[in-house]
Amino acid sequence: MKRAVSRITLGLFVAGLIWFSYFSVSQVYPFNWKVLPRYYKLFLDGLVTTLELSVIALGFAIVVGIVVALARTSHSVFLKDAGTMYVWFFRNMPLLVIILLVYYGFGSAINIDRFWAGVVSLSLFEGAYVGEIFRAGIEAVPAGEIEAGEAMGLYRRQIMFSIIFPQAFRISIPPLIGQLVSLVKDSSLVSVIALGDLTMRARQVGTQTLAVFESYIALALCYLLITSTLSFVGRALERKMVIP
Amino acid sequence: MTENKILSVRGISKSFDSLSVLKGVSFDVKQGDVIAILGPSGAGKTTLLRCINHLITPDDGDILFKGSTVKSDRKSIRFFRAKVGFVFQRFNLVSHLRVIDNVALPLVKVLGKKWREAREIALKQLSQVGLEDKAASFPSQLSGGQQQRVGIARALVMQPDIVLLDEPTSALDPSLVGEVMRVIKRLSSEGRTMVIVTHEIDFARNIATRVLFMKGGSILKDTNPQEFFESASSEIRDFLTDLSSIV
């Protein structure tokens, strides 16, 4: 009850703040919302591209992440170092620079489609973070349980598949959802290589209609909608998968 | 005589860096023996037990199982471990598996049984330790004593020739020690062959058929419980005095 009251109060306060800001801006900036609906197809097109890009990149990032995590937790010093180096490089490089390198760098040597340049850049970049998430998950499995597997006579591979991975995966879900949200947000950077994602479409609509502020407000709301939906679904999944 | 020897430990040595933890330990375990390994902390008791089933690879020495040396390749170790139950101090149940699946796991993964059949056997084994009603629970929903009883059921379900128990009651609240002790006591009355590393004098006095007293990486005394508790050796007297002063 107390919580509900405080939430309603906060909601009213934020709504008031938004209305006040909007009202102030509208004194100097003539908001013209009527033109936007005519361009909804462009927004929709951008939304689909952003979602496609994110889902495909997430798939590859998970594959990259699994490889990186296995390398970093393996007994081979070579693989360990290789994994560490990969993570070092991609976590210390701005995503924007990676996109430029892939599209304008490699793209000038070999013909590479914008969309796939975006997918490759995002997968390589997010793969480093996903790899660290999986590694933390693997390392969080209690050593005693692995020992119990050894003591009952399981082979290494059986220990991995029956004891380590199922737990590591469950432990990884919450941070993985967070990373997926980041991925969707990060994907807006691909607009610099004129890949028709949500952000680029919003810029297009803005310049065509001169309703720049309106387009970007719509853009912001679109991203909020996607990312909050993901977080919501993620929390539901998390509750379902949690080990009591 | 040799045919009823289940296990022979021959000159096992182990060092960690420069610290020599086991200095050529040897002893035999015969069918039906219940051996309590006692000794002060750092004597190498747990290391010895872990060396026996290769959780730690010994630097030197041999383990003989029913008269033949256990080779150190994957297959031999797996076969040997399947015949040797191990009960951990901290239970080490697999936390994402329900109790019944914890017990069924080795049957499925080592003996290749189907989950259905394995669960049936596991349920019978759980009822032996009085926990069939907890079959669907997860380990974290059980008390320490219950978890350890599941740990024992998991070790027994493979019908091992010998069970190694590493301080099975040390991680338990004093009020939960009794239920685990009763289970272990019953195993000994059924004629199970066991090696127990323990700080519970009660184990040594009432359950054990033999007591090994370890100190500084060697076995100082290998005797029957009665003789052990009447021993005049100053080291054993000191150890027993220390132990009783803690309680």
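In the text below, chain A, chain B and the rest are named by the order of the sequence lines, each starting its count at 1. Bear in mind that the values here come from a model prediction, so they are computed numbers and not experimental data.
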Side chain, backbone, both or neither: which part of [X] has a non-hydrogen atom closer than 4.5 Å to chain A?
{"X": "B:Arg74", "result": "both"}
{"X": "B:Val84", "result": "backbone"}
{"X": "B:Leu93", "result": "backbone"}
{"X": "B:Lys83", "result": "neither"}

Give the minimum heavy-atom separation between [X] and [Y], together with the two atoms involved.
{"X": "B:His96", "Y": "A:Pro166", "value": "NE2-CB, 3.3 Å"}
{"X": "A:Gln167", "Y": "B:Val94", "value": "NE2-CG1, 3.9 Å"}
{"X": "B:Leu105", "Y": "A:Met152", "value": "CD2-SD, 4.1 Å"}
{"X": "A:Ser162", "Y": "B:Lys109", "value": "OG-CE, 3.4 Å"}

Open item on the list: So which residue, B:Ala155, B:Pro160, B:Ser140, ends up with the most heavy-atom pairs under 4.5 Å with chain A?
Closed with: B:Ser140

Would you indicate whether [X], at its atom [atom1], is surrounded by more than 12 heavy atoms from other residues, nucleotides or ligands within a distance under 6.0 Å?
{"X": "B:Phe16", "atom1": "CZ", "value": "yes"}
{"X": "A:Phe169", "atom1": "CZ", "value": "no"}
{"X": "B:Arg90", "atom1": "CZ", "value": "no"}
{"X": "B:Trp115", "atom1": "CH2", "value": "yes"}
{"X": "A:Met85", "atom1": "CE", "value": "no"}
{"X": "B:Gln159", "atom1": "CD", "value": "no"}
{"X": "B:Arg182", "atom1": "CZ", "value": "no"}
{"X": "A:Phe165", "atom1": "CZ", "value": "yes"}

Open item on the list: Check whether B:Arg81 reaches the backbone of A:Ala151 with its side chain - one donor and one acceptor, N or O, closer than 3.5 Å.
Closed with: no

Open item on the list: Determine whether a donor-acceptor pair (N or O, by modelled atom type, separation under 3.5 Å) exists between the side chain of A:Glu150 and the backbone of B:Leu55.
Closed with: no

